[in-house]
Amino acid sequence: MAIKCKAKMKDGMVEVKALMKHEMETGLRKDSKTGEPIPAHHITEVVCMHSGSELFRCNMGPAISKNPYLSFTVSGPNVGDTLQLSYVDNMGETDSGEAVVK
Amino acid sequence: MKRREFNFRLASITGFGVGIASGLMPISVLANWPTAAFDTETTEDAANALFGESGMIETDAITFKAPDIAENGRVVPVNINVGLNNIEEIALMVPENPAPLVSTFVMSNQSNVAVGTRIKMGKTSPLVAVVKADGKVYTASSKEIKVTIGGCGG
Amino acid sequence: MLRKYAILLGAVMALAWSSTYANPEDDRMAFEKYFTTKFPEVPLNDFQNGIYSVDPVARADWEQIEEFPPYELAIDAGEAEYNKPFANGKSYSDCFGDGAVRGQYPYWDSERKEVITMELAINECRTSNGEEPLRWNKGKIAELSAYMSYISRGQTVDVKIPEDDPEALAAYERGKQFYYTKRGQLNFSCFDCHGTGAGKGVRLEKLSPALGHTTHWPVYRSKWGAVGTLHRRFGGCNRQVRAKNFKSQGQEYRELEYFLTYMSNGHELNGPGARR
Amino acid sequence: MIKKTLMALSLATAMVLGSFGGGVAFADEEAVNHGKSVAFNRQKGNCLSCHMMDDGDQPGSQGPPLIAMKLRFPDREDLRARIYNPLEFNPNTIMPPFGLHNILSDEEIDAIVEYLYTL
């Protein structure tokens, strides 16, 4: 499952929107059957790369909603450029996705 | 708090391993997640952990778009507009959450940016943004967002 | 014993209601009029947005979610599943063509003498091709349903009750009776909350009007953190009023869906949806 | 599962209390406080779901605000009956029959009446 992302040029800035599939478990909940605490499992970092360098980064805590949504505007990329997004979570799992600026 | 640090250390290690093995992950993903800031219990401590204790400037150049009443505290859409120059980092906080720091958005010297995400809110609270721009630290807070109590007792 | 009495009372009232109106089309027009009278400021085609048609505060929240709705992941997953061949080499397209078929469901099958919903048809497509049926409420079936609903957007709800088959009308009537019967320890009928109570708050949550209720399913509910089917929601409502739950895709809920979808005839399909 | 247990528990409590009949005497203030807590409890009266009342946070708007109750319902038994089985007064009401359907025990309904009379 890849990160779903869209990038659009708007008023000279690139607007990037991304949706990720992730539980974003806070570590504060308990299993309703066993009563055992459910370990925290959440994305920690999302990075957007453009032409080999970092354009934007988001550090996420467990208070980001399940299936995280992220949007940001940045200047730099041009229409037709490809942006790469990737995340890593606190268990070391990763995922990535791409968007071409429209 | 200990557990979270442990988790994170574990993550750093395994994350590194997975990244190298799959060859997919950019090296920059492995930079430090601000553990200390995410572990604090007040917005002030979180801001200090992120940007140092040099004091914050109140500004109306930071504006929020968020619902008056959150339909569901699990998913509260939040947008922040920052009308400042040379923005380096934006921190989003919910003072009434057990750990106020929700996320930080890091960029290099951008101007007039907007960021948005969806967040969990345990109870009714305003939002606070702390922004590092042009070497200074700015802050603003939103109006209160009411988190609804479920109606059906079930 | 007393509870049974109350349920009976509810059933009697429901019958009283049904005898007031002679046929489904009269029912539908009375149903529509109830809501257009109650919410005169809401354009008829906005009712398919459920609670957001009558609650501007919640609507602002929802519109922000709709900028990149969480069900998009489910649509993608559903599309991938739809195009994956079965073990026998066939696929869903052998049953549903391009898959844009939401507008054809639910329908009355005069040979089988039962209501066929899209989710039922999805599983029957699987089993007739030697695949295991999917679980009804969430997961793959909701994702397939989300994809098929998405590509069916813009179709018009047009449930038919074949006049030459009195058993179709009887199924509709049973669905209608279910809808108006007070049930459960809390003694609510579907209409109590989504008719009488529509637009008013339980705590600060406004209750959605029933007109247009079926157009946007399946739905990604923030509460579920995933897409779920209409019958999953029926079950949730029944549990909330502390009533007996019925099996998803059993006769009761299929006939309820038949009635309730008929009530939204003429409305545009706009699923999948995002809700609190 | 938990819900079922809770319901069974509250039913059991109701039965125990019921079997002691009127033998349990509360001091007024105690009864009022008890009534308020039952009224506000989401698994019990959950009155705030539909009614604006007292200092309750985020009240609903399905039913009328609960104010001046003593004035509006001078007959205590009448008010009690409207909670026990509101269908008796209006067969179409959406208010649950709290006594008839064992949502609340007799003792809990008495305590709520006690509390409502302070509003």
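Everything numeric in this text was worked out from a predicted model, so none of it was measured.
- Pairs of residues two or more places apart, or lying in two chains, never qualify as salt bridge (charged side-chain N to carboxylate O under 4.0 Å, His left out) while including a residue from residues 102-117 of chain B.
- Interface residue T124(B): only side-chain heavy atoms are found under 4.5 Å from chain D.
- Applying the salt bridge (charged side-chain N to carboxylate O under 4.0 Å, His left out) rule to K123(B) yields the partners E96(B); only residues at least two apart in sequence or on another chain are considered.
- Residues Q58(D) and T148(B) come closest through the heavy atom pair OE1-CA, 3.3 Å.
- Residue D57(D) touches chain B through both its backbone and its side chain, counting heavy-atom pairs closer than 4.5 Å.
- Within 6.0 Å of atom NZ in K146(B), 12 or fewer heavy atoms from other residues, nucleotides or ligands are found, so the atom counts as exposed in its surroundings.
- Atom CG of D75(D) is surrounded by more than 12 heavy atoms from other residues, nucleotides or ligands within 6.0 Å.
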